[in-house]
Amino acid sequence: MALTLPAHPDPLAERIHASGLLQELAHGLGGGFHYLLPERFDANLAAFRTALTEAGVSGKVYFAKKANKAAAFIERCARAGAGVDVASPGELREALGHGVRGEDLVVTGPAKAEALLRVAALQGALVAVDSLDELERVLHLDTPRPVRILLRRFPPAQPGSRFGLDDDQLDAALPRCASAGARVRMEGFSFHLSGYEVQPRTDLAGELVELCLKARALGLQADRISIGGGFAVDYVPAGSWERFLSDQGPDDYHGGKAFTAGDFYPYHSPVAGPDALRAILAARPGGAGDPLAQRLREAGVMLLLEPGRALLDRAGSSVFPVQGVKDRAGYGILTVDGTSLSLSEQWFNSEYLPEPLLLPRSPGEDAEEFRACVGGASCLDSDLLSRRKIAFPARPRPGDLLVYPNTAGYQMDSNESPFHELPLPPKVVIDHPDGSVRPRWRLDR
Ligand SMILES: *Cc1c(COP(=O)(O)O)cnc(C)c1O
C-alpha cells in the first residue's frame, strides 16, 4: 500500500478548491501562487486570547512576523489590537506601515543595529535586550522618553543557544537598569525556546516570575514576561503520522534518500497551538507548587507570547500548475511552475510532508493511482518540492494544479528568491465578505 500523509480535512479549503477559483487565478496570474485566508488568522488569534482569558491570566499576543511576509496578517493584527514581534528594520517598517502601533511591537533578535534600536525606542516599542553590550547601547540612545525593555534570559535547558543573558549577566543588568533612571523602563524578562515541549516553557516562565520579584525589589517595573513562540501546529492525524514514520524508507523518495523521524518537523502534535498555551499555564513550574497561571496572577505578572507558525495554522496554501510529467522506473517525475524555494522545509535537508492535492484541470478517464515526486522549474537537480513519491489518485497532466496545504507558516516565503529570474509567486488574499459562500480575492498589499 502506498504511503500517504494527507493534511487534516479542511472544509473551507475544500470549498475554495471546488469553486474553480484556483484554476481561474492560475490562468489570470500566469503561474503558481500562494493563497492566504486571513479569517483563519483571526480565529487562531482569538483562540490564543481565549486560552489566556480562561486561565484568568492577563496577557498579550504578538505575531512573530518572520513566519510570513504577507501584509494581510499584519493588517489583521492592527485591526485586532494584537502585537507584532519584529526583528529587522524592514519588519518594523512593515508593521508600522500597516497600522500596528509602535507600543504594540516587540523587537527581538540578537545585537540589534543602532538604527533599529533608535526607531524602536522612538516608537515606544518594547525591546528584548539580548546582551550586556546591547543594554549599554540602549542606555546611550538618548531618546526623549524611556526605552521600554525586556531582558532576554539565556535558556539553561538549551545550553547550545546563542541567545540571552546568563545568571551573572542578569545580575549585572538589573542594577545597571536601576541606576539608569529615566533612560530605561525595565518591564520584565523574555525567552524563546526552540522545540515544542510544554514543561521547559513552564519551568523557565516560573523562573522569570521570580526574577520579576527580584527586579521589583530594586525599584524596577518588571511586571511582564514573554515566553516567545514555539506553539506546535498539528498538520496531520496521529494514525497516519505514526504509520508514515514507521513505514517510510529510502524507496519512498526519489534518489533513494534516507530520512529518519528526527529529520522531519513533528507534523502531528497531540497538543498544539492554543492548547499548548493552556498546557503551559496549567503546568507547575519545576513540577511542583501552584500552576503557572496562578503564580502569574499572584505576582501580578502579565504573560506575553510570540506565536508565529501557530497563528498561521491553515491560513494559507501554495498552488503550482503542473508543467510536465515524465516517467522513471516505477514512478513519475512532475515538474511544476514554481520552485522548492517556495517550500522552505526542502532547504533544511528535510521534506514538507503534508501531501499536495491534485486538482485536475478537467475530469480524467484514467483514474489509476500514480506515484510521482515533484520537481521545480529550475536547473538544480536538488530542486524538489517533494522528493517523496506521492501517491496521486490519477496521472497528473500539464495544467492540473498541485495544492500544498497549510504552507503559510515558514514554508511559502521564508526562502523565496527570484532564482532563474522566475517571478516570485504572488500572494492572493481570499476572504468571504459578510459570511458569503462565494470566495472573493485580491492581491496582497
Ligand atoms: C521565531 C521566533 C518566534 C516564533 O516562533 P514560532 O515557532 O513560529 O512560534 C517567537 N519569538 C522569537 C524571539 C523568535 O525568534
Side-chain angles (χ1 to χ4, degrees), residues 40-41 44-45 47-49 51-52 59-70 73-74 77 82-88 90-92 95 104-112 116 120 125-131 134 149-155 158 160-165 188-198 200-201 204-205 208 224-235 264-267 269 271-280 303-316 344-345 348 350 352 406-415:
R40 279 284 167 64
F41 183 89
N44 293 333
L45 174 61
F48 270 103
R49 286 173 159 179
L52 288 170
K60 187 171 173 79
V61 182
Y62 294 81
F63 167 50
K65 189 180 182 327
K66 72 171 186 284
N68 193 293
K69 298 192 184 97
F73 300 125
I74 301 299
C77 290
V84 178
D85 165 7
V86 299
S88 73
E91 289 184 345
L92 180 73
D104 288 333
L105 297 175
V106 60
V107 185
T108 59
K112 293 167 274 298
L116 176 57
L126 190 54
V127 177
V129 172
D130 188 60
S131 63
E134 188 174 65
I149 65 165
L150 300 174
L151 296 174
R152 183 162 172 173
R153 172 80 171 100
F154 166 79
Q158 295 184 345
S161 174
R162 68 187 176 97
F163 292 101
L165 298 138
F189 300 89
S190 71
F191 66 79
H192 171 69
L193 291 176
S194 43
Y196 297 95
E197 281 177 81
V198 166
R201 289 181 164 76
L204 201 45
L208 296 200
R224 61 202 67 197
I225 63 170
S226 172
I227 59 169
F231 302 90
V233 164
D234 185 37
Y235 292 85
F264 301 127
Y265 179 87
Y267 289 99
S269 266
V271 182
D275 287 335
L277 175 59
R278 278 190 187 87
I280 290 167
L303 188 80
L304 318 182
L305 48 145
E306 303 155 359
R309 189 189 289 262
L311 285 175
L312 297 169
D313 182 22
R314 298 179 308 150
S344 299
E345 210 61 31
F348 297 102
S350 184
Y352 187 69
N406 208 355
T407 55
Y410 295 109
Q411 298 307 311
M412 60 174 58
D413 67 10
S414 294
N415 282 18

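Start at 1 and go down the list; that is how both ligands and their atoms are numbered.
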Is the distance between the ring centroids of Phe41 and Phe63 under 6.0 Å?
yes

Basic-acidic side-chain contact under 4.0 Å: Lys66, Glu91:
no

Taking 4.0 angstrom as the limit and counting only heavy atoms of Pro307, give me the atoms of ligand 1 inside it, by number and element.
9 (O)

Sub-3.5 Å donor-acceptor pair from the side chain of Asp104 to the main-chain atoms of Ala82, do we have one?
no

Could you check whether any heavy atom of Gly230 sits closer than 4.0 Å to an atom of ligand 1, since that is the contact criterion I want to use?
yes

Do Phe154 and Phe191 make the cut of ring centroids closer than 6.0 angstrom?
no

Ligand 1 N/O within reach of Arg309 N/O, cut-off under 3.5 Å
yes

Just jot down the ligand 1 atoms closer than 4.0 angstrom to any heavy atom of Ala64, in number order.
3 (C), 4 (C), 10 (C)

Aromatic contact between Tyr196 and Tyr265, with the criterion being ring centroids under 6.0 Å apart: yes or no?
yes

With Arg309 via side-chain hydrogen bond (donor to acceptor under 3.5 Å, both in side chains) - residues at least two apart:
Tyr235

The answer for which part of His192 has a heavy atom under 4.0 Å from ligand 1 is side chain

Say whether, by atom type as modelled, one donor and one acceptor occur between the side chain of Arg224 and the main chain of Leu303 under 3.5 angstrom.
no

Would you say ligand 1 has an N or O under 3.5 Å from any N or O of Gly308?
yes

For atom 1 (C) of ligand 1, the closest protein heavy atom turns out to be Lys66 NZ, 1.2 Å

Heavy atoms of Leu165 and Val129 approach each other most closely as CD1-O, 3.8 Å

Please verify whether a non-hydrogen atom of Ala310 lies at under 4.0 Å from ligand 1.
no

Does Tyr196, backbone or side chain, put an N or O under 3.5 Å from an N or O of ligand 1?
no

If we number the atoms of ligand 1 from 1 as shown, the ones under 4.0 Å from a heavy atom of Gly229 are 5 (O), 9 (O), 10 (C), 11 (N)

Check whether Asp413 reaches the backbone of Lys69 with its side chain - one donor and one acceptor, N or O, closer than 3.5 Å.
yes

Ignoring angles and geometry beyond distance, decide whether Arg152 reaches within less than 3.5 Å of ligand 1 through its nitrogen or oxygen atoms.
no

Between ligand 1 and Tyr410, can you find any atom pair, the residue atom being a heavy atom, that is separated by under 4.0 Å?
yes

Of all the non-hydrogen atoms in the protein, which one sits nearest to atom 13 (C) of ligand 1, and at what distance?
Glu306 OE1, 3.5 Å

